[in-house]
K.L.:
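Handing you this structure, nothing more for now.
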Amino acid sequence: SAVTNRPRQRKVTDFVDMQVFTLIKHHASEELCIEDLAALALKEMPSFDWTDDKIRHSVNRLEKRGRLASKYVIRSKRLCRVPYLI
C-alpha cells in the first residue's frame, strides 16, 4: 500500500525495519533476543551502525504494524525479549 503524504524520514526507518525483519526471518529458529540480533546485524551487515536501541526501536515499529510479536524469556538470569514473525 503506497502512502504518499508520509514524512520523508520514514524511508530510512523503513529500510532499517526491512533489514531487521529479514534478519529475524532468517534466524527465526534460533529465537534470538534483541542483544543477539544487534550482534548478528553487526556481523552480517557491518556497514550499518547497529545498536540494541536501533534494533529495539525497529522491532517496536514492526510490532505496531503487525509484522512481529515478542515474547520474553529468561536467559542466563536476564530477561530477554525475543521478537518473532506473526
Side-chain angles (χ1 to χ4, degrees):
S1 63
V3 180
T4 48
N5 61 352
R6 263 190 357 191
R8 191 167 181 162
Q9 157 227 345
R10 285 284 292 278
K11 285 197 180 84
V12 175
T13 56
D14 284 350
F15 180 67
V16 169
D17 293 352
M18 190 181 67
Q19 290 178 298
V20 170
F21 184 80
T22 304
L23 191 70
I24 292 167
K25 188 168 76 177
H26 287 176
H27 297 275
S29 62
E30 296 162 58
E31 298 201 330
L32 300 171
C33 54
I34 302 282
E35 295 78 11
D36 301 333
L37 287 165
L40 190 65
L42 281 169
K43 201 172 76 179
E44 291 191 3
M45 301 174 273
S47 51
F48 300 97
D49 186 26
W50 295 105
T51 61
D52 292 1
D53 280 342
K54 191 171 188 175
I55 301 277
R56 188 177 305 106
H57 294 312
S58 178
V59 167
N60 289 343
R61 286 191 300 270
L62 287 162
E63 280 190 6
K64 271 197 196 106
R65 291 188 209 153
R67 306 284 303 277
L68 295 177
S70 289
K71 59 184 170 185
Y72 291 87
V73 294
I74 305 283
R75 290 216 181 119
S76 46
K77 296 184 182 169
R78 291 185 56 216
L79 189 64
C80 170
R81 178 178 173 189
V82 179
Y84 60 93
L85 307 185
I86 300 179

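Only heavy atoms go into these numbers, but all of them, side chains included; no hydrogens, no water, no symmetry mates.
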K.L.:
Over all heavy atoms of both residues, which pair between P83 and L68 is shortest? Give the atoms and the distance, please.
P.N.:
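The answer is CB-CD1, 4.3 Å.
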
K.L.:
Enumerate donor-acceptor pairs with a distance under 3.5 Å from any side-chain N or O in residues 72-79 to protein atoms, sequence neighbours excluded.
P.N.:
residue, atom, partner, partner atom, Å
R75, NH1, E31, O, 3.0
R75, NH2, E31, O, 2.8

K.L.:
If Ile, Leu, Val, Met, Phe, Trp and Tyr residues are connected whenever their side-chain heavy atoms lie under 4.5 Å apart, and connections chain through other members, are F21 and V82 in the same group?
P.N.:
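No, F21 and V82 fall in different hydrophobic clusters.
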
K.L.:
For the atom pair CZ (F48) and CG (L42), what is the distance rounded to the nearest 0.5 Å?
P.N.:
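Here the interatomic distance stands at 11.5 Å.
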
K.L.:
As an exercise, state the distance from CG of L37 to CG of D52, rounded to the nearest 0.5 Å.
P.N.:
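The distance works out to 9.5 Å.
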
K.L.:
Could you check if a side-chain atom of L23 sits within less than 4.5 angstrom of a side-chain atom of W50, using non-hydrogen atoms only?
P.N.:
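Side chain of L23 against side chain of W50, heavy atoms only: no contact under 4.5 Å found.
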
K.L.:
Between OG of S58 and CD of E63, what distance do you get to the nearest 0.5 Å?
P.N.:
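The OG atom of S58 sits 10.5 Å away from the CD atom of E63.
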
K.L.:
So that I can tick it off, tell me whether D53 and R56 are bridged by a salt bridge, with the cut-off set at under 4.0 angstrom between side-chain N and carboxylate O.
P.N.:
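Salt bridge between R56 and D53, a charged N being under 4.0 Å from a carboxylate O: yes.
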
K.L.:
Let's go through F15 and K11 carefully: what are the C-alpha distance in whole Å and the side-chain angles of both, what is the deciding distance for side chain to side chain contact (heavy atoms under 4.5 Å, CB included) to 0.1 Å, and is it a yes or a no?
P.N.:
CA-CA 6 Å; F15 180 67; K11 285 197 180 84; over 6 Å; no

K.L.:
Tell me whether D17 is salt-bridged to R67, with the criterion being a basic N under 4.0 Å from an acidic carboxylate O.
P.N.:
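So D17 does not pair with R67 through a salt bridge.
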
K.L.:
In Å, rounded to the nearest 0.5 Å, how long is the span from OG of S70 to CG of N60?
P.N.:
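Here the interatomic distance stands at 7.5 Å.
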
K.L.:
Is there a path of hydrophobic side-chain contacts, each under 4.5 Å between heavy atoms of I/L/V/M/F/W/Y residues, joining Y84 to V59?
P.N.:
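Cluster IDs for V59 and Y84 differ.
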
K.L.:
Applying side-chain hydrogen bond (donor to acceptor under 3.5 Å, both in side chains) as the test, list every pair that has at least one member in residues 34-49; sequence neighbours left out.
P.N.:
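The answer is H27-E44.
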
K.L.:
How long is the straight-line distance from OG1 of T13 back to NZ of K54, given to the nearest 0.5 Å?
P.N.:
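Spacing of NZ (K54) from OG1 (T13) equals 10.5 Å.
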
K.L.:
With rounding to the nearest 0.5 Å, note down the distance linking CG in L40 to CD1 in I55.
P.N.:
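Going from the CG atom of L40 to the CD1 atom of I55 covers 8.5 Å.
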
